[in-house]
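Just below is one structure, and these are the notes that go with it.
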Amino acid sequence: MSSTAIAVIVIVLLVVVIAVMAVAQMRRTRQLRRRFGAEYDRVVAEQPSRRAAERDLQAREKRHAGLQLRDLDPQERRRYQQQWERTQAHFVEEPEAATREADALVTRVMTERGYPIEDADDFDTRVQDLSVEHAATLDHYREAHHINQVNQRGQASTEQLRQALMHYRALFADLLGEGRGGHPAHG
C-alpha cells in the first residue's frame with residue numbers, strides 16, 4: 001500500500017472519529033438541555049465554557065444518582081399538605097412567620113425525600129441536588145429563598161412575602177409530586 005493511500009485512510013478515519021465525537025457531544029448537549037431546561041442555560045452563562053457547564057451538570061447527575069431518594073407515601077403526602085394549609089392560613093395573621101415556616105416545611109420535605117441537608121446554610125448544594133429532577137421549579141426556589149433572606153432582615157413587604165409563599169408552594173408541590181396526576185415524584 002502506498003504512503004498516499006495510507007495518508008488518505010488515516011485522514012478518513014480522523015474525519016470519522018471527529019464526526020462521531022461531534023454527534024456524541026450534540027446528543028449529550030441535547031439530553032442535558034432536555035433534563036435541566038432553563039437551568040442548563042443558567043449554568044452555561046455562569047461557567048467559562050459550555051464544556052465546563054456540561055461537566056458541572058453531569059457531576060450533578062452523578063451526585064444525584066448516588067442519593068437515596070424516595071417517594072413519600074400517601075399518608076406522608078397528606079400530612080405535609082395539611083401542614084402547608086396551616087402555614088398558608090397562618091400567613092393572614094403573621095406573613096413573616098408563615099414565610100419562614102414555608103421555608104422550613106420545604107426543607108423538611110426535601111429531607112424526608114432523602115435530599116441531604118447537612119448544612120442548613122448550603123443553599124447552592126440544595127439547588128444543585130434539586131436541579132436534576134426539579135429544574136422547572138428551581139427559579140421559584142431561588143426567588144423564595146431570596147425573599148426569605150430579605151424577610152430575615154425584616155425588610156420584606158407583605159407583597160414580597162406573598163410571592164415567596166407562592167414560590168415555595170411551586171417547589172413544595174413538585175417535591176410532593178402534585179401536578180403529575182397526583183402521583184409522587186420519581187426519585
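Within a 6.0 Å radius of CD in Q75, other residues, nucleotides and ligands contribute 12 heavy atoms or fewer. Counting non-hydrogen atoms of other residues, nucleotides and ligands closer than 6.0 Å to CZ of R27 gives a total of 12 or fewer.
How far CG of L175 is from OG1 of T137: 6.5 Å, rounded to the nearest 0.5 Å. For the atom pair R33 CZ and L57 CG, the distance stands at 10.5 Å (nearest 0.5 Å). Here the CZ-CG distance, from R169 to L105, works out to 10.0 Å after rounding to the nearest 0.5 Å. In this structure, the separation between CD on Q81 and CZ on R78 is 8.5 Å, given to the nearest 0.5 Å. Separating the CD atom in Q155 from the CD atom in Q149 is a distance of 11.5 Å, to the nearest 0.5 Å. Atom CZ of F172 is separated from atom CG of L165 by 10.5 Å, given to the nearest 0.5 angstrom.
You'll find the side chain of L130 reaches within 4.5 Å of the side chain of M110, heavy atoms only. Residues H64 and D129 fail the side-chain proximity criterion, which asks for heavy atoms closer than 4.5 Å. Using a 4.5 Å cut-off on side-chain heavy atoms (C-beta onward), R113 and E133 make contact. Taking the side chain as every heavy atom from C-beta outward, R60 and V43 approach each other to under 4.5 Å. Side-chain contact check for H167 versus H146: every heavy-atom pair is 4.5 Å or farther apart. Counting heavy atoms from C-beta on, the side chains of T99 and Y168 come closer than 4.5 Å.
Residues A164 and A144 come closest through the heavy atom pair O-CB, 3.7 Å. Of all non-hydrogen atoms in T87 and A102, the two that sit nearest each other are CG2-N, 3.8 Å. The shortest non-hydrogen separation linking L138 to S131 is CD1-CB, 3.3 Å. Closest heavy-atom contact between S49 and A52: OG-N, 3.0 Å. Nearest approach of T158 to F91, heavy atoms of both residues: O-CZ, 3.9 Å.
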Y40 and R50: CA distance, side-chain angles, deciding distance, side-chain contact (heavy atoms from CB on, under 4.5 Å) verdict | CA-CA 10 Å; Y40 177 91; R50 180 176 306 277; 2.9 Å; yes
Given Y141 and V106, is the side-chain contact (heavy atoms from CB on, under 4.5 Å) satisfied, shown in steps?
-> CA-CA 9 Å; Y141 190 37; V106 164; 4.1 Å; yes
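Cluster annotation: L69 is connected to V109 through the hydrophobic network of ILVMFWY side chains, with a link wherever side-chain heavy atoms come within less than 4.5 Å. A continuous path of Ile, Leu, Val, Met, Phe, Trp and Tyr side chains, each step under 4.5 Å between heavy atoms, connects L72 with L67, placing both in one hydrophobic cluster. Linking ILVMFWY residues whenever their side-chain heavy atoms come closer than 4.5 Å, directly or via other members, places Y80 and I117 in the same cluster.
Evaluation of the salt bridge (Lys or Arg N to Asp or Glu O under 4.0 Å) test over residues 99-112, restricted to residues two or more places apart or in two chains, returns R70-E112.
Using bins of under 30°, 30° to 60° and over 60° for the plane-to-plane angle, the ring pair H145/F123 lands in the parallel bin.
No donor-acceptor pair under 3.5 Å is formed between the side chain of E39 and the backbone N or O of F36. Side chain of E93 to main chain of H90: no donor-acceptor pair is present (N/O by atom type, distance under 3.5 Å, no hydrogens or angles).
A salt bridge does not link R126 to D122: none of the charged nitrogens lies less than 4.0 Å from a carboxylate oxygen.
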Ignoring hydrogens and angles, write down the donor-acceptor pairs under 3.5 Å from the side chains of residues 9-25, residues two or more places apart or on other chains.
{"unit_1": "Q25", "atom_1": "OE1", "unit_2": "R28", "atom_2": "NH2", "d": "2.8"}
{"unit_1": "Q25", "atom_1": "NE2", "unit_2": "T29", "atom_2": "OG1", "d": "3.2"}
{"unit_1": "Q25", "atom_1": "NE2", "unit_2": "E54", "atom_2": "OE1", "d": "2.4"}

